[in-house]
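The next block holds one structure in the form of structure tokens; read it before the comments.
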Amino acid sequence: MMKKLLQKFTSQPTEKRSSAVLYALIGLIVVVFALFWLVGFSRPYIDDPNFNAPLFTDLLLITGYLLLAFALGIAVWAVVRSARTLGKGDRVVNNIPVRRISLTVGIGTFVMMLVTFVLGSSAPMKINGATYSDAFWLRMSDMFIVTSLLLIVAAIGAVVYGATKYNRKS
């Protein structure tokens with residue numbers, strides 16, 4: 001039965017598959033966050049009753065870690081697959097310089113992460129009474145936050161640019 005379900009899923013067009021995966025992930029995330037916020041959120045923390053100890057904190061963290069691991073796995077798989085196919089095949093597909101675009105995006109992201117790491121703050125932070133002062137991890141956190149924000153802004157810019165420049169030919 002699972003084999004038939006997988007075969008039916010893989011025979012669908014890519015757009016339909018990606019939409020199904022997106023909706024499944026959105027559904028999972030909504031359920032996890034609803035459980036986190038609505039069930040046992042106001043439980044007092046045993047060591048300090050001034051803080052909350054939500055019941056589903058572990059579920060939220062595990063879901064985040066699993067989604068991160070899954071995303072990293074897919075990213076590595078995509079890079080390896082892309083390197084194999086682009087290394088052997090044409091560098092230009094339908095007059096689009098595929099290899100140049102792939103290299104530019106990969107190298108640009110790496111450089112952006114390197115620059116944001118170097119420019120990241122290493123000032124100690126006090127969170128919930130605990131002081132965090134490890135300069136490496138503070139810079140690493142800053143790098144991921146700033147790089148993520150810059151990539152989101154770049155993605156929004158690309159969508160706006162693409163939406164304004166896209167003209168369908170009759």
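Between the CE atom of M143 and the CG atom of L138 there is a distance of 12.5 Å, given to the nearest 0.5 Å. Note that CG of L61 is 8.0 Å distant from CZ of F36, once rounded to the nearest 0.5 Å. To the nearest 0.5 angstrom, F56 atom CZ is 10.5 Å from T63 atom OG1. Separating the CG atom in L35 from the OG1 atom in T57 is a distance of 11.5 Å, to the nearest 0.5 Å.
Closest approach of R139 to G120, counting heavy atoms only: NH1-O, 3.0 Å.
Under the 3.5 Å distance criterion, the side-chain polar atoms of D142 are matched with a main-chain donor or acceptor of S121. In this structure a side-chain-to-backbone donor-acceptor pair under 3.5 Å is present from S11 to K8. Counting only distance, with no hydrogens or angles, the side chain of N94 and the backbone of I96 share no donor-acceptor pair below 3.5 Å. Of the possible polar contacts, none joining the R43 side chain to the P54 backbone as a donor-acceptor pair under 3.5 Å is found.
Cluster annotation: L59 and V39 are assigned to the same hydrophobic cluster (Ile/Leu/Val/Met/Phe/Trp/Tyr, side-chain heavy-atom contacts under 4.5 Å, transitive). Note on V31 and L55: same hydrophobic cluster, where clusters join Ile, Leu, Val, Met, Phe, Trp and Tyr whose side-chain heavy atoms are under 4.5 Å apart, directly or indirectly. By the criterion of side-chain heavy atoms lying less than 4.5 angstrom apart, applied directly or through intervening Ile, Leu, Val, Met, Phe, Trp or Tyr residues, W37 is grouped together with L28 in one hydrophobic cluster. When hydrophobic clusters are built by joining Ile, Leu, Val, Met, Phe, Trp and Tyr residues whose side-chain heavy atoms come closer than 4.5 Å, directly or via intermediates, M125 is not grouped with I145. In the hydrophobic cluster analysis, where Ile, Leu, Val, Met, Phe, Trp and Tyr join through side-chain heavy atoms closer than 4.5 angstrom, F33 is grouped together with F41.
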Walk me through whether F51 and D48 qualify under side-chain contact (heavy atoms from CB on, under 4.5 Å). CA-CA 6 Å; F51 294 111; D48 187 355; 3.1 Å; yes
Listing, residues 103-115 side-chain donor-acceptor contacts under 3.5 Å, not counting sequence neighbours, or none:
residue	atom	partner	partner atom	Å
T104	OG1	R100	O	2.7
T109	OG1	V105	O	2.8

Ignoring hydrogens and angles, write down the donor-acceptor pairs under 3.5 Å from the side chains of residues 126-137, residues two or more places apart or on other chains.
residue	atom	partner	partner atom	Å
D134	OD1	F136	N	3.3

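In this structure, F70 places its CZ atom where only 12 or fewer heavy-atom neighbours from other residues, nucleotides or ligands lie under 6.0 Å away. Annotation for L22: atom CG counts as buried by contact number, over 12 foreign heavy atoms lying within 6.0 Å.
Considering only heavy atoms from C-beta on, L119 stays 4.5 Å or farther from V146 through its side chain.
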